[in-house]
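Predicted model only: the values in this text are computed from it and were never measured.
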Amino acid sequence: MTNAKNKKKFTDPSYYANRELSWLDFNDRCLDEARNPDEPLLERANFLGITQSNVDEFYMVRVASLSKLVAAGVKSHDASGLTPLEQLTAINHKEHEVVEKRYSTYSRSLLPLLRKNGINILESDELSEDQEEYIRRYFSNELYPVLTPMADDQSRPFPFINNDSLNIALRLKDRESGEHKFATVRVPNIFPRLVKLPDGDNDFIMLEDIIKVFADRLFDGYEIRQAACYRVTRDMDLDVSESDTSDFLLAVKKQLEDREHGHVTRLEVESSMNTKLLKHLIKRLNVDEGSVFSINGPIDLTFLKKLPRMVEGHEDLRYKPMQAFVDPALRSDHNIFDSIREKDYLVQHPYDSFDAVLNFVKQAAKDPDVLAIKMTLYRVSGNSPIIKYLGQAAKAGKQVTVLVEVKARFDESNNVHWARTLEQMGCHVIYGLVGLKTHTKVTLVIRRDEDGIRRYLHLGTGNYNDVTAHFYTDLGLFTCDRDLGVDVTNLFNMLSGYSKPPYFSELRISPKLIRQFIYEKINNEIAIAKAGRHAEIHMKMNSLSDPDVIAKLYEASAAGVKIHLIVRGICCLKTEIPGVSDNIEVHSIVGRFLEHSRIYYFYNDGKEDVYLASADMMRRNLDRRVETLFPVLQEDLRERVLDIFAKMWQDNVQARILHKTEWVHADRRGQTPFNSQEYFIAEADEKVRIVKEEEEEEKAKKKDAFEAMKPQESELEDDEK
């Protein structure tokens with residue numbers, strides 16, 4: 001009875017933050033970086049662009065899902081006690097406030113500072129004569145042939161407006177009849193949104209502003225009474241019923257086509273748009289007025305992500321370049337398999353270069369002793385070298401099996417393409433288990449060594465994406481541990497065939513088993529705490545939203561277990577609840593790099609168990625995905641992971657601390673500022689410097705030895721004479 005009461009106690013809705021509102025809080029932390037005067041100016045602009053792309057995806061997926069629940073009449077409550085309609089209402093209310101904050105940051109803070117540094121995003125009435133002539137020619141030669149004015153009347157119905165496309169709504173007056181008409185012009189996305197102008201090193205104008213200036217050329221005989229931009233966001237969630245199709249790839253491709261016509265979840269309009277034009281759009285697009293956002297500035301700030309690359313010079317307004325470290329043992333000019341046989345290696349991206357992973361796959365493809373390569377791919381880059389290496393391996397006669405997750409959100413089209421490409425190269429491609437996304441990141445290389453067959457592994461917390469690896473922090477483990485190797489072999493047999501392994505020795509697999517394992521480890525810490533001994537849990541993850549895991553952490557806290565959590569994004573747990581979360585402290589780090597690694601640590605009476613994982617503590621990761629959690633067994637690597645967590649916990653520059661439901665910057669009064677990401681950058685730089693010095697010393701020694709040989713050789717020649 002006591003346990004039942006405790007369980008009920010920990011599920012009180014007042015103890016939980018809403019998942020969606022917590023995500024908006026995370027995006028607000030990103031927005032804070034755009035407002036942070038300590039960040040380089042062009043990086044602040046980039047952060048503002050990131051917040052825009054984040055919220056765009058949020059409305060395409062999360063808001064879209066809630067809208068469907070509301071339309072279906074679902075009135076169930078989430079862990080925080082809110083119905084879908086209540087969540088949707090709260091989201092739109094909060095986002096209306098954040099929109100104002102976002103555009104205030106753009107107009108009142110970033111634009112003036114950019115101008116102060118000679119970087120100008122100009123209005124049409126600010127242009128010089130040469131710049132006016134330039135945009136006139138640009139419109140005539142580039143834009144005019146491409147633009148298509150679309151009428152909206154009885155014979156020509158309102159055109160379909162694509163998701164995320166920028167459009168200009170126009171109200172026209174017939175010069176002869178005086179009759180008013182409506183029309184739309186789509187701003188073509190094949191041109192840069194920011195057009196660079198002459199007469200200034202860094203002068204720009206928005207593409208839509210050029211179109212507005214010359215829009216009358218598209219409507220001969222009409223007077224333009226108003227031209228204002230708008231953008232729609234549609235339901236872009238992919239929903240494929242795998243059990244109803246024999247060709248899964250075709251089903252995904254069909255869904256990609258269908259979702260372009262999803263219902264509208266958000267309408268953004270320029271604040272200058274008059275009431276008649278706005279009402280016309282709302283009616284035609286069938287959008288709820290609560291989902292209409294008036295924008296005081298250029299709609300869609302994602303163009304700011306490209307601004308730093310377009311600006312010439314101004315290195316002082318950017319982050320200083322960093323040098324990623326590659327352990328000499330994992331370089332392409334060294335036999336990586338020899339290195340891994342001797343010991344395990346841990347890589348921390350982006351401070352440790354992703355080249356180590358690329359080298360591992362490349363060597364496996366070329367090594368004549370490698371018999372097979374098996375790999376899971378969730379997200380890869382548009383021009384992935386890994387795809388090329390896998391194709392080379394298949395052409396060389398190796399057995400290559402690749403699991404491509406074609407349902408990876410917003411990478412579906414890219415992954416369908418790579419799946420087809422790999423098949424054409426001769427790889428065996430599989431698409432995972434019915435009803436589950438395969439989110440694990442695993443590479444298995446089977447090699448014939450002198451002493452027999454050996455399995456070499458790379459297990460990671462992040463994607464095999466050579467582009468995002470430059471700005472996502474992730475951890476990866478290279479090992480040839482026998483038990484882990486057998487476990488990974490069984491995992492691939494399960495994914496590609498009908499195998500049901502009775503158990504895994506070291507690896508823990510979702511669905512279900514990672515959840516059970518985490519519960520077991522937390523229960524163990526609870527038992528230790530109740531016995532009066534020290535108990536401690538550290539977790540680092542992207543998101544913490546699973547209510548059952550949170551309830552278990554509450555139970556541990558109430559029992560006296562000290563819990564430190566680093567949660568980058570969603571956190572539905574609340575701190576400082578008396579008798580419930582007194583022993584839980586939560587930090588969030590938002591900085592130069594996106595914190596993506598997952599670490600799970602349990603003190604275990606001083607044994608200090610350390611695990612890495614592809615999974616967050618979210619219901620989808622634990623119950624609806626194939627995920628892996630694996631131990632760090634080598635002592636020095638365990639210490640390194642613990643040190644990584646400790647350094648991040650020490651961060652008082654980029655870290656925010658959760659007080660109940662409010663995120664507050666760490667209090668630095670009386671403390672030395674410490675930025676964990678900058679610390680790891682400096683650490684990598686130092687490693688690079690030391691290796692270079694050692695290599696230079698080695699070269700010098702060889703040169704000295706070579707020079708020392710020369711007189712001896714001449715003396716021998718003299719003796720012979």
### Message
Less than 4.0 angstrom from a charged side-chain N to a carboxylate O is my criterion; do Lys196 and Asp203 meet it?
### Response
no

### Task
Using a 4.5 Å cut-off on heavy atoms from C-beta on, say whether the side chain of Arg625 contacts that of Thr440.
no

### Summary
Those residues at least two apart in sequence (or on a different chain) that pass salt bridge (charged side-chain N to carboxylate O under 4.0 Å, His left out) with Glu696 are none

### Query
Is the Tyr464-His458 ring centre distance short of 6.0 angstrom?
yes

### Message
Between the side chains of Asp78 and Arg19, is the shortest nitrogen-to-carboxylate-oxygen separation below 4.0 Å, so that they form an ion pair?
### Response
no

### Salt-bridge present (Glu686, Arg689; N to O < 4.0 Å)
yes

### Query
Quick one: CD1 on Ile295 to CG on Leu301, what's the gap to the nearest 0.5 Å?
8.0 Å

### Task
Examine His534 together with Tyr603 and report whether their ring centres are nearer than 6.0 Å.
yes

### Task
Using only heavy-atom distances, determine whether the side chains of Asp636 and Gln634 contain a donor-acceptor pair under 3.5 Å.
yes

### Query
Are Ser165 and Val187 side-chain neighbours, meaning at least one heavy-atom pair lies under 4.5 Å?
no

### Query
Hey, are Lys101 and Asp28 close enough for a salt bridge, meaning a charged N less than 4.0 Å from a carboxylate O?
yes

### Query
Salt bridge between Asp546 and Arg620, side-chain N to carboxylate O under 4.0 Å?
no

### Task
May I ask you to check whether Tyr472 and Phe593 place their ring centres under 6.0 Å from each other?
no

### Task
Classify the angle between the aromatic ring planes of Tyr554 and Tyr16 as parallel (below 30°), tilted (30 to 60°) or perpendicular (above 60°).
perpendicular

### Query
Any side-chain heavy atom of Leu658 sitting closer than 4.5 Å to one from Ser588?
no

### Query
Got a salt bridge between Glu39 and Arg44, using NZ or NE/NH1/NH2 to carboxylate O under 4.0 Å?
no

### Query
Charged N to carboxylate O under 4.0 angstrom, Asp25 versus Lys94?
yes

